[in-house]
Amino acid sequence: MKEIVFVNPPLTLKERYGKLSGAGNTLPSLGLCWLAAVCREDGFQAGIIDSASLALDHEETLGQLFAEPPQYVGITATTPAIFSASQLARRIKEKDKNIVILLGGPHITAIPEETMRQFREFDIGVLGEGEETILDLLRRLRGKQYLGEAKGLIFREGESLRRTENRPFIKDLNRLPMPAWDLLPDFPKGYVPPSFRFQRLPASYLVTSRGCPRECAFCDRSVFGHDCRFFSAEYIFEMVDRLKKRFGVKELLFEDDNFTLHQQRLITLCEKLIKAKMDLTWSCLGRVDTVDLSLLRLMKKAGCWQIGYGLESGDKGVLDFARKKIELEQARETLELTRKAGIRTKGFFILGLPLESHETMRRSINFAKKNALDDITVTFFTPFPGSVLHGSAKDFGEFNNEWKRMNMLETVFVPKGLAKEDLEKGLRSFLREFYLRPKIVFAYFLRVISHPFYSGKIFRGLFALLKNTF
């Protein structure tokens with residue numbers, strides 16, 4: 001019998017991506033793989049049910065869970081997934097009230113008391129970085145020890161809630177074991193990345209750092225904090241080597257908020273990949289103020305084919321208000337250098353930030369069209385719990401604080417001076433004007449004929465994009 005099973009609760013692609021569900025991804029939960037790995041290393045029998053990635057509904061999830069009922073169930077939940085998590089927890093309790101249900105992830109970490117009060121199905125909340133806390137918690141539960149002396153928890157004492165002091169972040173991430181990918185069924189072939197984010201399959205993703213030193217007002221940094229901690233280049237290479245040799249992965253997505261922040265680490269990793277002559281392609285996310293031409297050329301040589309940059313807006317005033325701390329000219333230069341190095345560029349934009357107007361939306365559209373961008377993602381500003389702007393959003397516009405709709409694709413916030421219809425029209429115009437240009441259409445045609453085995457996935461993504469555009 002497994003002692004603990006970690007669950008990513010059911011959440012359909014439509015619930016996650018709306019009209020763009022055809023372009024969505026089903027990559028596994030790396031966080032659950034690390035949690036299961038540390039538990040297993042400590043002697044606990046652990047399992048993973050990645051319902052959201054494998055398109056399992058609640059009945060199917062319960063079927064797998066109760067095929068070998070555990071003592072504890074650890075559920076992770078983002079803000080839009082919290083209702084699905086609570087429904088799953090409630091149905092688990094209906095079947096076996098003695099199973100202890102733990103809740104972790106960004107939502108409860110950002111607003112623990114409010115979450116525990118609203119959803120009484122959860123017994124214990126694990127706040128912040130989970131690996132050390134989950135081990136401490138399981139040991140105490142096994143030994144029937146008082147939880148109030150553990151750090152990083154919120155739990156019920158009768159009708160009251162008890163929150164313990166925060167647990168310090170893990171300083172040396174290299175102490176963590178390799179993620180337990182082997183506990184994922186049909187990994188990696190059963191999982192697919194976003195339509196426009198891969199060149200080869202099977203593919204997976206990695207996060208190689210935790211925390212972010214930047215101060216963007218729209219981000220929630222409650223789980224991993226402001227201080228950036230890094231896995232070493234040697235640890236990353238070991239993960240890559242294991243994914244390649246044991247699981248046959250051919251492509252990786254480095255999903256760090258800023259993979260290019262620690263330049264020397266990146267240089268060392270690239271040199272290791274080049275020396276190993278590893279047949280691997282990869283993409284990553286970065287900031288425009290953390291790369292130069294020599295680094296970009298090294299990344300290209302090591303297998304990098306695309307970098308996604310958080311650009312957010314083409315208006316300086318909007319960027320400054322959002323505390324982005326980048327310059328538009330700097331963004332232009334970095335996009336040109338990236339293209340010069342032979343790497344495709346992707347830009348992430350946010351519509352509807354405070355100070356947004358018809359004019360600022362037009363500046364963003366023009367910026368995307370006039371600069372060296374091959375691809376874009378455009379979302380609506382969402383004041384997530386835990387972000388700087390969550391508490392003050394109503395000062396700058398109309399804010400619908402409905403957790404289920406906080407997927408960045410629904411207009412939960414409308415800045416003063418605009419209407420919801422203005423933002424939705426702006427997004428359609430953005431996508432239409434960027435993608436329906438001959439050079440972009442031709443580039444995607446070349447991608448399809450260059451990757452005929454994956455053309456079905458690419459076409460589904462294009463169809464979803466066009467459906468949303470029109």
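Heavy atoms only: backbone and side chains are in, while hydrogens, waters and symmetry mates are out. Nothing fancy with the numbering, it's 1 onward along the sequence.
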Next on the checklist: Pairing donors with acceptors under 3.5 angstrom, does anything connect the side chains of Arg91 and Thr61?
Outcome noted: no
Checklist entry - Does Leu153 offer a backbone N or O that forms a donor-acceptor pair with the side chain of Thr164 under 3.5 Å? => result yes
Next on the checklist: Using modelled atom types and a 3.5 Å cut-off, is there a donor and acceptor pairing between side-chain atoms of Arg200 and backbone atoms of Lys250?
Outcome noted: yes
Checklist outcome for this item: Sequence neighbours excluded, the answer for side-chain hydrogen bond (donor to acceptor under 3.5 Å, both in side chains) partners of Arg242 is none
Checklist entry - Salt-bridged, Glu132 to Arg175, with N to O below 4.0 Å? => result yes
Checklist entry - Quick check: does any side chain N or O of Tyr205 sit under 3.5 Å from a backbone N or O of Pro28, one acting as donor and the other as acceptor? => result yes
Checklist entry - Counting N and O atoms only, with roles assigned by atom type, does the side chain of Arg214 sit under 3.5 Å from a partner on the main chain of Lys324, one being a donor and the other an acceptor? => result no
Checklist entry - Within the distance-only criterion (no hydrogens, no angle test), does the side chain of Arg163 pair as donor or acceptor with the backbone N or O of Glu113 below 3.5 angstrom? => result no
Checklist entry - Are the aromatic ring centres of Phe247 and Phe187 under 6.0 angstrom apart? => result yes
Next on the checklist: Regarding Arg323 and Glu215, does a basic nitrogen lie under 4.0 Å from an acidic carboxylate oxygen?
Outcome noted: no
Item to check | Verdict with supporting geometry, Met239 and Trp181, side chain to side chain contact (heavy atoms under 4.5 Å, CB included) | outcome: CA-CA 10 Å; Met239 286 197 291; Trp181 291 296; 4.1 Å; yes
Checklist entry - When you measure from the side chain of Arg156 to the backbone N and O of Met116, does any donor-acceptor pair fall under 3.5 Å? => result yes
Item to check | Test item: Asn174 side-chain N/O and Ser232 main-chain N/O as donor-acceptor pair under 3.5 Å | outcome: yes
